[in-house]
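Some notes on the structure that comes next.
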There are 2 protein chains.
Amino acid sequence: MSLQHALLGVLEARPMNGYELTRFFEAAPRWVWSAPQSQIYPTLRQMEQAGLIEGQKEVRGTRLSRTVYSITERGLAELRTWLATPHPPPPARDAFFLQALFFDMIEPDRAASVLKAFIAEQEQLVAEWRAHREALLAKETDLIKERLKSRPAAEHDRIAALKAHVFAGQIAVATARAEWARESLRLLEA
Amino acid sequence: MSLQHALLGVLEARPMNGYELTRFFEAAPRWVWSAPQSQIYPTLRQMEQAGLIEGQKEVRGTRLSRTVYSITERGLAELRTWLATPHPPPPARDAFFLQALFFDMIEPDRAASVLKAFIAEQEQLVAEWRAHREALLAKETDLIKERLKSRPAAEHDRIAALKAHVFAGQIAVATARAEWARESLRLLEA
DNA sequence: GTTAACATGTAATCAGTTACATGATTGC
DNA sequence: GCAATCATGTAACTGATTACATGTTAAC
């Protein structure tokens with residue numbers, strides 16, 4: 001269900017075709033929701049049927065066509081309702097913590113190498129999110145530029161700050177995870 | 001795939017039947033992996049076919065039967081291999097951060113109430129995980145008592161500390177999320 | 001006798017993954 | 001002419017969710 005809301009949120013910035021959306025959602029780790037191309041096209045058609053978005057067929061050259069989707073009033077309303085509603089937390093399903101739960105069953109140095117890979121991975125994510133956060137604060141991403149066009153200039157700073165703060169959240173969580181993994185390394189040695 | 005490893009990890013402590021495993025995995029938020037009953041029974045049969053676990057049919061009373069599964073050598077080996085291997089991070093898919101990313105589209109007080117619900121939820125989780133962590137450190141949970149029976153006494157403290165530390169990780173992450181949500185509340189007012 | 005807990009199953013559906021498939025257009 | 005990018009599709013499969021379905025046994 002959330003893919004639909006993610007798509008609505010992106011299309012609220014500006015109309016896009018399936019290909020653009022695919023690039024956006026496949027470039028994922030940097031963003032908050034990822035989806036493969038094969039999921040995006042059928043979902044867009046579903047959403048159009050539901051009246052949440054509207055497709056406009058365009059032609060490039062003579063034979064190549066693309067369908068540019070824009071959010072409808074109904075899509076906007078659906079998105080706003082979803083945004084204003086608290087949703088139940090997803091069921092616990094964290095493969096990495098599951099793995100860590102049984103580290104006592106393997107040799108400490110093997111567990112340590114898994115932890116080190118995890119730390120590197122979290123740091124990589126932190127770096128990407130930091131860059132994205134900076135770009136948002138500077139109002140330099142493609143999407144935020146589009147979005148701000150339809151908002152009063154007085155609100156621009158606040159909007160950018162709110163969006164950037166989400167990535168600060170991702171950074172905080174990944175940092176906490178990496179820090180936890182470092183403590184685990186110390187525990188393994190004991 | 002990870003449900004299988006979660007099941008192997010639990011069965012390593014002691015043999016259980018589907019009903020016991022169901023109660024364990026449905027009591028989830030407290031643990032690290034959750035699964036509904038309808039997923040557990042078929043998965044157990046699959047795992048038995050794959051030789052990872054072995055079912056022993058028992059009879060209670062005259063007609064009611066249960067199948068008690070225990071982990072096999074092969075299951076143990078599979079679990080150890082999985083534990084010692086770094087796995088790629090799951091694709092980004094965080095519905096709450098997605099929601100927060102568009103809070104600028106709704107009235108601040110509506111966003112605030114979603115954030116407050118989120119904070120309450122995270123605090124609830126923290127409380128449950130804290131209790132579970134304490135119980136593990138005291139070696140008082142059902143499962144850890146069983147597990148320690150097959151390990152040398154000298155290792156008991158270390159094993160309990162390692163397992164408890166996983167819940168310290170969950171607590172750290174949930175705390176970071178709650179703290180982030182509190183900062184968001186302040187940002188919304190600005 | 002009734003209720004709560006024990007015990008296992010299945011079917012329909014949805015969300016997500018992997019892989020394959022096809023062709024057009026632009027820039028060099 | 002060739003490669004990179006543009007553009008859209010589908011099919012098979014896995015993992016997870018929701019809901020239904022059935023009967024037993026122990027404890028009061």
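Residue numbers begin at 1 in each chain, while the letters A, B, ... track the order of the sequences.
- Running 5' to 3' along DNA chain C, contacts with non-hydrogen atoms of chain A at under 4.0 Å begin and end at C:dA15 to C:dT25.
- For the contact set between residues 48-56 of chain B and DNA chain C, defined by any heavy atom under 4.0 Å, there are no members.
- Qualifying salt bridge (charged side-chain N to carboxylate O under 4.0 Å, His left out) partners for B:Glu107, counting only residues two or more places apart in sequence or in other chains: none.
- Regarding A:Arg23, its CZ atom lies at a distance of 10 Å from the P atom of D:dT5, rounded to whole Å.
- Taking B:Leu185 as the reference, B:Ala112, B:Leu115, B:Lys116, B:Ile119 meet the side-chain contact (heavy atoms from CB on, under 4.5 Å) condition, with sequence neighbours excluded.
- Within 6.0 Å of CZ in A:Arg110 there are 12 or fewer heavy atoms belonging to other residues, nucleotides or ligands.
- At the phosphate of D:dT8, neither OP1 nor OP2 sits under 4.0 Å from any side-chain N or O atom of A:Tyr19.
- When the salt bridge (charged side-chain N to carboxylate O under 4.0 Å, His left out) test is applied to A:Arg182, the partners found at least two apart in sequence or on another chain are A:Glu123, A:Glu179.
- Rounded to an integer number of Å, the gap from B:Met1 CE to D:dT14 P is 9 Å.
- B:Arg80 meets the side chain to side chain donor-acceptor pair (under 3.5 Å) test with no other residue; sequence neighbours excluded.
- Of the residues in residues 75-87 of chain A, not one places a heavy atom less than 4.0 Å from an atom of DNA chain C.
- Sorted by residue number, the members of residues 57-65 of chain B with any non-hydrogen atom under 4.0 Å from DNA chain D read B:Arg60, B:Gly61, B:Thr62, B:Arg63, B:Leu64.
- Applying the side-chain hydrogen bond (donor to acceptor under 3.5 Å, both in side chains) test to residues at least two apart or on different chains, the pairs with a partner in residues 39-59 of chain B are B:Glu58-B:Arg66.
- By the side chain to side chain donor-acceptor pair (under 3.5 Å) test, A:Lys139 pairs with A:Asp157, sequence neighbours left out.
- Judged as a side chain to side chain donor-acceptor pair (under 3.5 Å), and not counting sequence neighbours, the contacts of A:Arg147 are A:Glu12.
- Shown here are the salt bridge (charged side-chain N to carboxylate O under 4.0 Å, His left out) partners of A:Asp104, two or more places apart in sequence or in another chain: B:Arg151, B:Lys163.
- Remark on DNA chain C: of its neighbouring residues B:Gly18 and A:Pro36, the 5'-side contact belongs to B:Gly18, judged by nearest-heavy-atom nucleotide.
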